[in-house]
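Shown next, in structure tokens, is the structure this report addresses.
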Amino acid sequence: MNDSRASSNRLGQVLDRIERLGNRLPDPLTLFVVLAALVPLVSWVISLTGWTMINPTTQQPITVVNLLAPAQLQRVFSEAVANFTAFPPLGTVLVAVIGIGVAERSGLIATLLKLLVTAVPPTLITATIVFAGVMSSLAADAGYVVLIPLGAVLFAGVGRNPIAGLCAAFAGVAGGFSANLLLTSLDPLLAGLTQAAAQLYDPQYLVAPTANYYFMAASVFVLTPVGWWISEKIVEPRLGPWQAPEGLETRLTETTVREKQAAGWAGVIFVLTLGVFAGISFLPGALLNGENGNLQPFYRSLVLLLSVAFFLPGLAYGLLTGSIRSDRDVAQMAGDTMATMGSYIVLAFAAAQFVAYFSWSNLGLMLALAGAETLRAVGLGGLPLILGIVVISAVIDLLIGSASAKWAVMATVFVPLGMNLGYSPELIQAAYRVGDSVVNMITPLNPYFPIVIAFAQKYDPKIRIGTLISAMLPFSSAFLISWTLMLLVWFVGGLPLGPDAPLYYGAG
């Protein structure tokens, strides 16, 4: 018992130190402004060294682009607005919150949370939040906008620290992004990149979207209990009790008969809406069903569909309960919700410039290639190779958030390397997905990280980057260890990663 307490105290001291160091960082807006300013300077310095690499996809030399050159500086000024408007998280967040705002301000979400609390045993609330977060990748990045604030609201409503609920949801959404019981838009995207890389070695090799399905579905049942345990045994006790700021109402009141009936009809509207969406997406030749059953039109429409799926039930609930009496009320609800996003919109401008500069400079691309080439040069095989891919993917993910952007480059090195050693492209892809997911929750360069801080500051205005990183680090570490161990056990046990997805090249 004493050893356990000593270990707990040491962990707490380490996390406290990380929190203090992290909180010395400037505000996220200032941080992205500083990073955006540093990238051109760093690109200029490194360009002077003449560092050159070969792009394995095009076989063309790549050098660091000096962003302080006159032509590049002109680009910095002329494309600033385009960088901002094309910043992917900006559109995702703003479109999604329109529908979510109506559902929230009409009272529907609060009623659903009250019903959830009565339906789910108190001991399973944390597990439910983590599981929902992992499964949220069905809706691409929308889980960041929907589930993370709901996790905080749910915890606050039952008298628990809302920051702990927010962290549990964040862990599921970000750390478990690649795991799911169903195929998501990420599966065909990564499979296509893996197949292109595999065909550099074997022109006839095909990689199916289901390449990692068995492994990723099973991962849900590993990450959910791990996230649950970390939240209740480490994160929530460390955060301690929480006192609601003055004027913030958090307790969930009793649900009236009228609210229950309105929520029931809202549920009917939601199911009918999903039915319509399924019809226009999955029936052959339907509006969002592409050629030969390609679902890319559906995946590209997910954010709008999600917003509508919240808007219509919220509208129905508001009309039935009287919280919505006219179209002006709807416009007011959507506008008030959008007004709360002002600070995020300003921050998104700075973040968008940093991401664009980092891409223009080729720094991210060359760092990814350097990591992959290091792994090749070491000449590892078997378990060390898998571990190496996981670790390098995790390290690079600290700097580059997009899973597909990194894999587009890294696959061209990792996949042929693995095939040359006798390992299947499906196995190499699975190792990449593990490393790519687990650090999403601790890097401030995750484009959704600032909005998570904004959600947290609603409950504790003093929260800064260090507080969030120190709270998420136990989740990240536990996910990395448990998920990697699962992958190694899967490999040693010779289990298939998916339908017709062997572990060894040539085994299928």
Side-chain angles (χ1 to χ4, degrees), residues 54-60 62 137-138 140 177-180 182-219 289-300 364-365 368-369 371-373 375-376 381 385-386 388-390 392-393 396-397 400-437 487 490-491 494-508:
I54 300 297
N55 187 322
T57 302
T58 64
Q59 297 302 313
Q60 298 298 314
I62 315 171
S137 57
L138 281 170
F177 189 75
S178 269
N180 210 292
L182 301 171
L183 295 180
T184 71
S185 58
L186 187 63
D187 290 284
L189 181 59
L190 293 184
L193 296 171
T194 303
Q195 177 173 297
Q199 289 180 350
L200 296 174
Y201 188 87
D202 180 351
Q204 304 303 316
Y205 201 93
L206 300 178
V207 178
T210 56
N212 296 149
Y213 174 68
Y214 294 160
F215 177 73
M216 291 304 166
S219 298
N289 192 280
E291 295 182 7
N292 301 318
N294 188 302
L295 292 178
Q296 285 306 312
F298 164 70
Y299 289 129
R300 289 195 295 268
L365 174 62
L369 285 175
E373 289 294 347
L375 193 58
R376 184 207 294 270
L385 173 66
I386 296 172
I389 293 174
V390 170
I392 287 180
S393 301
I396 293 175
D397 192 51
I400 310 172
S402 171
S404 58
K406 291 193 299 291
W407 191 231
V409 175
M410 295 169 64
T412 56
V413 177
F414 284 153
V415 172
L417 170 63
M419 295 172 75
N420 186 53
L421 296 172
Y423 303 110
S424 72
E426 292 86 350
L427 174 63
I428 305 303
Q429 177 181 285
Y432 167 75
R433 295 179 73 169
V434 170
D436 177 66
S437 296
L487 178 61
W490 206 276
F491 173 71
L495 301 176
L497 295 161
D500 298 319
L503 295 170
Y504 296 96
Y505 173 56

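- Atom-to-atom distance recorded for Ser219:OG and Trp490:CH2 is 7.0 Å, nearest 0.5 angstrom.
- Nearest heavy atoms, Tyr205 versus Gln199: O-NE2, 3.0 Å.
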Using the side-chain contact (heavy atoms from CB on, under 4.5 Å) rule, take Leu503 and Leu497 through it: C-alpha gap first, then chi angles, then the decisive distance, then the call. CA-CA 7 Å; Leu503 295 170; Leu497 295 161; 3.8 Å; yes

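- A distance-only check finds no donor-acceptor pair linking the side chain of Gln195 to the backbone of Leu206 [under 3.5 Å].
- Minimum interatomic distance between Gly418 and Ile428 (heavy atoms only, all atoms of both residues): CA-CD1, 4.0 Å.
- If you check the side chains of Trp407 and Thr194, you find a donor sitting under 3.5 Å from an acceptor.
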Start with the C-alpha gap between Leu385 and Leu417, add the side-chain angles, then the distance that decides, and say whether side-chain contact (heavy atoms from CB on, under 4.5 Å) holds. CA-CA 10 Å; Leu385 173 66; Leu417 170 63; 4.3 Å; yes

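- Applying side-chain contact (heavy atoms from CB on, under 4.5 Å) to Arg433 and the options Asp187, Ile389, Leu487 leaves one that passes, Asp187.
- Looking at heavy atoms from C-beta onward, Val434 lies in side-chain contact with Phe215 at the 4.5 angstrom threshold.
- Annotation: side chain of Pro425 is not in contact with side chain of Phe414 (no heavy-atom distance under 4.5 Å).
- A donor-acceptor pair is defined here as one N or O able to donate and one able to accept, closer than 3.5 Å; such a pair exists between the side chain of Asn212 and the backbone of Glu426.
- Listed for the Ser424 side chain is a donor-acceptor partner under 3.5 Å among the backbone atoms of Pro502.
- Pro416 and Ala197 get closest at one heavy-atom pair: CG-O, 3.7 Å.
- Looking only at side-chain heavy atoms (C-beta outward), Phe491 and Leu427 come within less than 4.5 Å of each other.
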